[in-house]
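For reference, the structure discussed in these notes is given below.
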Amino acid sequence: MNPWFDSKKTTEEIAQELLGMLVVKETDAGIVSGWIVETEAYLGEIDQAAHSYKLKKTPRLNSMYQEAGTIYIYSMHTHHMLNLVVQAKGIPEAVLIRGIEPFEGLAIMEERRAQTGFAVTDGPGKLTKAMGIDKSDDGSSILVPPLIISQKERRYPQEVELSKRIGIPNKGKWTEAFLRYSVKGNPYVSKLKGTIEPDYGWEK
DNA sequence: ACGTCGATCTCCT
DNA sequence: GGAGATCGACGTA
């Protein structure tokens with residue numbers, strides 16, 4: 001049972017509400033966690049940009065057709081991307097996590113990335129590498145360790161910014177749709193335009 | 001069995 | 001802002 005998945009919220013609403021929630025991954029190397037600062041909604045059957053467009057079914061997409069809270073990992077160009085399935089079983093709509101602000105385990109993340117600063121987690125492929133998220137997390141539930149969203153604490157954006165999804169060319173109206181959500185002024189938002197807020201865009 | 005193509009990242013200019 | 005890296009999944013045969 002889940003406070004946001006079991007309600008009748010749209011995938012767009014859930015994508016927005018995920019901003020400020022805490023993603024936690026436990027590995028032998030230690031615990032790492034981070035606040036979600038950027039998401040994208042993928043609307044399944046009708047969405048030309050979604051992998052599950054027209055209810056396509058392949059072995060790789062199996063997780064997309066499972067119940068809300070299932071983790072869907074998509075790998076491409078040697079990178080892994082973290083998605084959350086957010087609707088009832090059989091409705092393949094998902095939210096892509098594109099950026100997180102490190103909270104716990106920063107040193108581990110820096111080591112995995114061989115980077116420091118915002119570049120550690122300011123992109124979908126970067127944050128999975130930093131947090132040690134890979135194919136082994138695919139199909140698992142976000143309510144069960146080792147990869148969870150904390151139900152205990154969260155933050156809230158001062159302002160949510162909407163924009164077009166990244167890397168979706170030639171998909172007609174779906175290229176133009178404002179289905180990307182980010183914490184305005186947070187430096188861990190990928191390809192950030194505009195200025196960094198002193199408090200990184202969070203409510204106090 | 002093979003050709004194509006990314007929901008990306010890095011490095012360079 | 002753009003090219004190249006790089007590889008597994010998928011479609012076609």
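- The NE2-P distance, from A/His80 to B/dG6, rounds to 20 Å in whole Å.
- Among the protein residues, A/Ile168 comes within range of the sugar-phosphate backbone only, with heavy atoms under 4.0 Å from sugar or phosphate atoms but none that close to a base.
- Test A/Asp134, A/Asp138, A/Thr128, A/Asn83 against A/Ile73 for side chain to side chain contact (heavy atoms under 4.5 Å, CB included) and you get one pass: A/Asp138.
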Step by step, would you call A/Ile166 with A/Lys191 a side-chain contact (heavy atoms from CB on, under 4.5 Å)? CA-CA 9 Å; A/Ile166 303 293; A/Lys191 299 177 166 62; 4.2 Å; yes

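- We find that CZ of A/Arg165 is positioned 9 Å from C1' of B/dA7, with the value rounded to whole Å.
- The residue A/Ser75 sits apart from the nucleic acid: no heavy atom pair falls under 4.0 Å.
- An OP1 or OP2 oxygen of B/dA7 is reached within less than 4.0 angstrom by a side-chain nitrogen or oxygen of A/His51.
- When heavy atoms are screened at a 4.0 angstrom cut-off, A/Arg180 is found touching no nucleic acid atom at all.
- In this entry the distance linking OH of A/Tyr72 with C1' of B/dA7 reads 9 Å, nearest Å.
- Per the stacking criterion (ring centres < 5.5 Å, plane angle < 30°), A/His79 does not stack onto the base of B/dT8.
- Taking atom CE of A/Met76 as the reference point, atom C1' of B/dT4 lies 13 Å away to the nearest angstrom.
- Look at CD on A/Glu38: it is 10 Å from P on B/dT8, rounded to the nearest Å.
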May I have the step-by-step check of side-chain contact (heavy atoms from CB on, under 4.5 Å) for A/Ile100 and A/Met131, ending in yes or no? CA-CA 10 Å; A/Ile100 61 125; A/Met131 299 189 75; 3.8 Å; yes

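- Contact annotation: A/Thr58 side-chain N/O to C/dC10 OP1/OP2 distance is under 4.0 Å.
- We find that CD of A/Glu93 is positioned 18 Å from P of B/dA7, with the value rounded to whole Å.
- Checked for salt-bridge contact, A/Lys89 and A/Glu67 miss the test: no charged N lies under 4.0 Å from a carboxylate O.
- Between A/Tyr156 and A/Trp202, the ring centre distance reaches or exceeds 6.0 Å.
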ring-ring contact (aromatic ring centres under 6.0 Å, His included) assessment of A/His80 paired with A/Tyr74: CA-CA 6 Å; A/His80 298 287; A/Tyr74 171 59; 9.8 Å; no

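- In this structure, A/Lys56 reaches the sugar-phosphate backbone alone: every heavy-atom distance under 4.0 Å involves primed, P, OP1 or OP2 atoms, never a base.
- Nucleotide C/dT6 forms no Watson-Crick or G-U wobble pair with any nucleotide shown, as no partner meets the under 3.5 Å limit on both distances.
- Near-neighbour residues of DNA chain C inside residues 115-141 of chain A, defined by a heavy atom below 4.0 Å, are absent.
- When hydrophobic clusters are built by joining Ile, Leu, Val, Met, Phe, Trp and Tyr residues whose side-chain heavy atoms come closer than 4.5 Å, directly or via intermediates, A/Leu192 is grouped together with A/Leu127.
- Taking atom NZ of residue A/Lys171 and atom P of nucleotide B/dC5, one finds them 11 Å apart after rounding to whole Å.
- The phosphate of C/dC10 has OP1 or OP2 within less than 4.0 Å of a side-chain N or O from A/Arg60.
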Test log, rule side-chain contact (heavy atoms from CB on, under 4.5 Å), inputs A/Leu84 and A/Leu18: CA-CA 10 Å; A/Leu84 241 43; A/Leu18 280 166; 4.2 Å; yes

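- One can place NZ of A/Lys54 at 15 Å from C1' of C/dG11, the figure rounded to the nearest angstrom.
- When each of B/dT8, C/dC7, B/dC9 is scored by its nearest atom to the side-chain atoms of A/Ile166, the top-ranked nucleotide is B/dT8.
- Counting any heavy atom pair closer than 4.0 Å across all strands shown, A/Arg98 reaches sugar-phosphate atoms only and no base atom.
- Of all nucleotides listed (B/dA7, B/dC9, C/dT6), C/dT6 comes nearest to the side chain of A/His77.
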